[in-house]
Structure formats: C-alpha cells, structure tokens
Protein chains: 2
Amino acid sequence: MPTHPQNRRPTIRDVAREAGVSHQTVSRVLNDYPKVAPETRARVLQVMEAMGYERNLAAQMLTTQRSRTIQIVTLDAEFHLDITQFTQPVKQAGYSAVVTDCTAESLAKTLDEAAARMVDGIMLYAPRSCMPDDKLIALSHGIPLVRRDYAIDSRLTWIGFDQQHATHLAVRHLIDLGHRRIAHITGSLEFINTRLRHDGYVKTMGEHDLESGPVYVGTYGAQRRDMKNGYDGMCELLKRDREFTALLVVNDRNAMGAMRALADHGLRVPDDVSIVGFDDNPIASYLVPPLTTVYFDFDFQAQLGFQYLFEQIRNPETYKHHQHVLIADLVVRQSTRAPA
Amino acid sequence: MPTHPQNRRPTIRDVAREAGVSHQTVSRVLNDYPKVAPETRARVLQVMEAMGYERNLAAQMLTTQRSRTIQIVTLDAEFHLDITQFTQPVKQAGYSAVVTDCTAESLAKTLDEAAARMVDGIMLYAPRSCMPDDKLIALSHGIPLVRRDYAIDSRLTWIGFDQQHATHLAVRHLIDLGHRRIAHITGSLEFINTRLRHDGYVKTMGEHDLESGPVYVGTYGAQRRDMKNGYDGMCELLKRDREFTALLVVNDRNAMGAMRALADHGLRVPDDVSIVGFDDNPIASYLVPPLTTVYFDFDFQAQLGFQYLFEQIRNPETYKHHQHVLIADLVVRQSTRAPA
DNA sequence: ATAAAATAAGTTACTGATAACACAGTATAA
DNA sequence: TTATACTGTGTTATCAGTAACTTATTTTAT
C-alpha cells in the first residue's frame, strides 16, 4: 500500500514519512545543506530514488522567486544562429534553457513573462535598437540580463563585434586588390550592426580618399527576406550605375541574392564584379564562386555572454557590467579579385 | 502609505483590501467567473490597474498544475523553420510559447522539464524516430502532445506530409523529361522523412521499370552539415558513375552542396545534370540556376498541429487522436530539363 | 406568503516547497 | 564543572494563488 495517494506525485512530506525524518530535513538534502548526518542524507536520497520523487518547480518558485532557468529572448527571430549554440552552455551550467521570440512591439510583454516565469537570467538577442537602454533596464524587472550586440549604456552588459573594424577589413581588402568604386547593399539601418557596417564602409572609403556609393539601403527586417533584399538592391544598383567593380553586401544571404541578380544580368563574379559578404554563413563557401566574407565567432560570443550572465547571477550585488568588443576575421575565397 | 510592503508586488489580498472585497472575489474576477456583480468587478479591475497588480505564475501553477504555456520541443534543432511560424499561433490562442532544443539522448529529460514547468501542451518537432511511440507517450507525463512529422502509433496525434507522393512528383517530373538514370543523394536514413523520401524514390523508379541508383547515403544529422553532405555525396557519385543525367537530393541545402561539387567538376546544371531538391527553402530560388524543388506548406502544418493540440487541451477526455497527411507540390524552376 | 432556487459574496483549507526559529544533544574551553 | 559554541532536527509560518464550502441576500415559483 502506497504511503501517498495514488495518481499524485510524492512530496517531500511523503519522502520524509517514508524515511522517518522531518520534511525540513528532506528539503535540506535537496538543497545540499551541509549540516545533515551522512547516514540521514543517504537514507533520504535512497527513499527519494525509490519513490521517484521530483521537486515541484511551482512550489520552489513560490518561495525562492527563482526557477533555475535562463531565457533566451530573440527579437525578430534571427535563427540563422544555431540554437544549440546558446542552449548548450546554459545546460552545462545546470540551468534549463528556454527560447522565446518577439517583435519590437512585444518585447515588453515578453520580458514581463520572463519575470512571471521567475527566470534567473535573460540573454537578449536584439539586433535592433528597439528601445532606449534605460527602458530596457526598467523592463527587465531586475533580472540579470546580458545583451548580445552593441548597446550604449554601460549599466548593461553587452558583447558586440567591432563592426567598424570588420568593415574596414572587407573594404580594405577590395581597395588593396585595386578597386576604387565600391558599391554597397544594405538593409534597414534600424539594425545596429547594419548601421555600423554602413558607417564603417563610408568611413573606410573616406580614409582612402574614395567616394562612397552607390549605396542601396533596403528595408529588410525578417531574415527570410534577406535574399530578396540583396536581389532587389543589385537590380536597383545596376539600373543606376554600372561603374562599380566591387560590391560590399551587408550579409551573406543578401550577397546570395545579389549574385543571382548579377547572373540574371549576364555579369560574372568575380570577373565583372567582386563581392564581399558578412557572417561567414555556411552557405558562403558553397556559393558559386565561394564567397569572400567576414567571419564572426558567434560561438565564442555566446559563451562569453553566458559567462558574464552567470557571474551576474552569482553576485548580483558586486557585479560590474562588462562591455566587450570582439574582433572579426576576413575569409578570402573566390568572389574577389583585382578589377579587369 | 501603501497597503502592502514596499518592494513587494501586490497580491490578490492587497487588491482585495483596497477594493473592500475578499481575496476570493478578486480571484473570481481574475478568472472571469460569471457570478460577480458588474460594479464589483469594475471596481476590482480598477484597483488592480491602479496598483499594477500582476498574477503570480508560481502560485497559480501550484494550485492549477498549469502554466498557460505551450512548449515547442525540437530534436536536433531544425531551425531552418521560422520560429515565428509556431510561436505565433500559440500566442494568438492566449498561451505563452517557449522553445527548447534537445538531442535524442536528452529528450526524456526535456520532457521531464516540460512536466515540471507544468506546460499545457507540447509540440514535438522530431524528425528522427528517436524512440518508440510507447515510450514517448509514457515520457510525456500525460501532457497533451502533438508530433510534427510522421509517427506510427495512433495513440499520438501527428501531422506529416505524404513523402512518397512528394518523391513521386519529383521523380515523375524527371522521368517525364526523359531521364532514365537518376541518382539520389540523401542523409542518414534514421530521419523519418529522409527514409520515406529514399523509399519513395526506389518505389517510383521501380514503377517505371527503371533501375534505381546510384545512391549516396550520407550521415548528416546537424542541419549545418547539410551542404557538406551534398557536396561529399556528389563527389562520391561522380567517382563511382557518370552515367546519370539527373539527380534527386534529399533537401535544398544538400542540393546546394551538390551543385557546388558539379561546378567544381566542370559540369553544368541543367545542361549536364538536372537536379530536384526538397523543401523549397528560400535559398532554392536564389541558386544559379534556380532550383526545381518540392514545396511543403509548413505554415499550414504548424497551424493544423496547434489546432489539434488546443482541441486536446480543451477536451482531454473526449479527444480522439488525429493522423493527418498533407500533400506537397512540385515547384519547377530552371535546374531541370530534358537530357541532352 | 412561503419555500425553493439562484446570486453574490465571504471563510477556511490546501497546494509543495523554503525560511526562520526553537530546541535538544554533543563537543570544546575556561 | 559550568559556560559556550556548534550540531542536527523538528515546528511553525509563509509564499500567492485556487477549490470547496458557507452564508446572506435576492429572486422566482407554488
């Protein structure tokens, strides 16, 4: 005869009764409280095992205000990033990882839900400057939060890549090859990295006394429109100006679209136009020709971000916010060469 | 002077005191219980608004055993599917949506966590036959679960595409064009759809009295290796046999890899080899040449899946499991033509 | 007019964990 | 020997809701 009602999961009291101790002692065993006699601990653990005991998360949340969970929030679902990239370090640290997506409009609600869920920390993937950092801090309900990508406010931890430098590498590569007129296709400048890449392009061109342009500023938001944006941009540029010999594209997927447009217009890469992309998306090396691009170590970025997040969770009082800037690398493939 | 301790969020008792009713009445208002006087309800709502009251999820979970959340579980993180595709219908239905990923090994643990989180339902994206359906049902702790992709057991709701028919469309298209020797590149046959596509290929070839092969069976598991698998497969096939005039590839990303391999070997698509892919991945129409492929309406699949899931959540007793088979469409682009 | 039924509340108990405190028993030091 | 600190364990309160039951007031039916 079972010591607890059928169809109900055992509670610490059931375990306690079975093990002949108080439920508080069971709780201490659960929480690795040191002052429990080894024999008592062993007996409790054994009873827990035998009864198939599992802690009730709701009850634990109610008292501790925590849920042993990290929430990864993505704005505009940038899922070309491998999801395992960020869930894996979380699980390794003993937390459970949940991913949610939202739009700029629903970010506030999403953060409220995270608070309701009593998550221990939030990793925010927001490539857009969706709201002032002040407001973001206010909305996070005091939950430790790390932001991937640039932010400005130093009361926020963020890890960004030096986009100016990344762009510099790309543009410099083209200039070194002998290109003088370099076009640029980009998306909506609302996106932080997009804007920084664009600014880096203009700056690097200026540093070499070259006139920037022609430039196509697209309107893409959803990642699945990337290729269309690149295609449309290329078509538009070819209508406006055929003088450029090289092209800088805001990311590899846009570059793929641009390459299709060039092929449709009977132009060859790199013979007629050299192209550089960004991100080193897996597709880059399988394009024909393989795309020269800029590589960002997103894995490392994720790891570092979680390291800061865990630091902040462990010492919420003494934690000092980090702003970490990472450096990208140029990957030269066959889509770039000296102009004819 | 506030009626509840500073730094603490107001509870239903705080609201009740302020509104001059019992906390139970506040609870009734929260849960849209009908027998509350309109004036009382209005007053309570107004006080809740004024105090910035928000329901404590932990406490609610503790009593109701539910969390107003749907968990989307993905096995081997198939994230070429747009995440918004499945979170959007969930949010529309008034649930909050969380996504988690796992491997075949950690699926059991992930389902345990879902139970701990007291989610109302689970949508399982498991392209692999990771475990017997029996075991899956046991592991889901009685939580309503819908499985995307084929399953066998009819005590499980699933929505799959007719892969045999899809493959039939693709192979038939090639045969109609005049191809007789059609190669096939595929991934690990552990994946349900991969196996079904492979079997469909063999079957359709047989129906037309054609010998199937050559076939390359790869080992891909992670989606990011898709292109490499296609590339390697193509190289391997070209070493073995150059007689084929057409190629069926298990998905568009593999097809992209195969196309690169063909280009590297100086072979042209579709002049030398016609190619058909699967999925109508956004990249398909931007490949050079644009890829003929098979389109699956994943959006509809997701919507239907959630419809069944909500049905099951609403009437857990009377619910009858559905097994729904959807039909795919062939999208003819420029990667296929009659053999030379 | 009176009983029965429906409405609109309030009271109390309960969910399953943790925290704070009390208390007895043992070890150490003065 | 007594005072003190340190152990391990039990008791009780608390978290913020919901469920079940109770009560007082209306409304309706006979």
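Every chain is numbered from 1, with letters handed out A, B, ... down the list of sequences.
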Which whole-number value in Å describes the distance from [X] [atom1] to [N] [atom2]?
X: B/K35; N: D/dT25; atom1: NZ; atom2: P; result: 19 Å
X: B/M118; N: C/dA17; atom1: CE; atom2: P; result: 9 Å
X: A/R17; N: C/dG16; atom1: CZ; atom2: P; result: 12 Å
X: B/I12; N: C/dT15; atom1: CD1; atom2: C1'; result: 13 Å
X: A/L57; N: C/dG16; atom1: CG; atom2: P; result: 14 Å
X: B/N56; N: D/dA16; atom1: CG; atom2: P; result: 6 Å
X: A/Q65; N: D/dG17; atom1: CD; atom2: P; result: 11 Å
X: A/D14; N: C/dG16; atom1: CG; atom2: P; result: 8 Å

Requested in this report: Could you say whether B/L62 or B/P38 is positioned toward the 5' end of DNA chain C, judged by the nucleotide with the nearest heavy atom to each?
Outcome: B/P38
Is [X] near enough to [N] that one of its side-chain N or O atoms lies under 4.0 angstrom from OP1 or OP2?
X: A/Y33; N: C/dA20; result: no
X: B/T40; N: C/dA9; result: yes
X: B/N31; N: D/dT18; result: yes

Query raised in the report: Contact class for A/E39 (heavy atom, under 4.0 Å): base, sugar-phosphate, or nothing?
Result: nothing
Quick one: ring pair (Phe, Tyr, Trp, His ring centres under 6.0 Å) partners of [X], sequence neighbours excluded?
X: B/F161; result: B/F296, B/F298
X: B/Y33; result: none
X: A/H141; result: none

Report task. Quick one: do A/R117 and A/T69 satisfy side chain to side chain contact (heavy atoms under 4.5 Å, CB included)? Show the steps, please. Result -> CA-CA 9 Å; A/R117 207 171 282 124; A/T69 302; 5.5 Å; no
Requested in this report: May I ask you to verify whether the side chain of A/R13 and the base of C/dA17 hold a donor-acceptor pair under 3.5 Å?
Outcome: yes
Query - Under-3.5 Å donor-acceptor pair between A/R28 side chain and D/dG10 base - result: yes
Atom of [X], atom of [Y] and distance for their closest heavy-atom approach:
X: A/A16; Y: A/S22; result: CB-C, 3.6 Å
X: B/G121; Y: B/I143; result: CA-CG2, 3.8 Å
X: A/L107; Y: A/L124; result: CD1-CD1, 4.2 Å

Query raised in the report: If you measure only the distance, is there a donor-acceptor pair under 3.5 Å linking the side chains of A/H321 and A/T157?
Result: yes
Query - Within residues 137-147 of chain A or reaching into it, pairs that qualify as salt bridge (Lys or Arg N to Asp or Glu O under 4.0 Å) - sequence neighbours excluded - result: A/D133-A/R147
Query raised in the report: How bent is the helix from C/dA1-D/dT30 to C/dA30-D/dT1, comparing axes over its five end pairs at each side, to the nearest 10°?
Result: 40°
Query - B/A59 side chain, from C-beta outward: closest of C/dC21, C/dG16, D/dG17 - result: D/dG17
Report summary line: Numerically ordered, the residues 20-27 of chain A set in heavy-atom contact under 4.0 Å with DNA chain C is A/H23, A/Q24, A/S27
Query raised in the report: With A/Y53, which of A/D14, A/L30, A/V44 fulfils side-chain contact (heavy atoms from CB on, under 4.5 Å)?
Result: A/L30
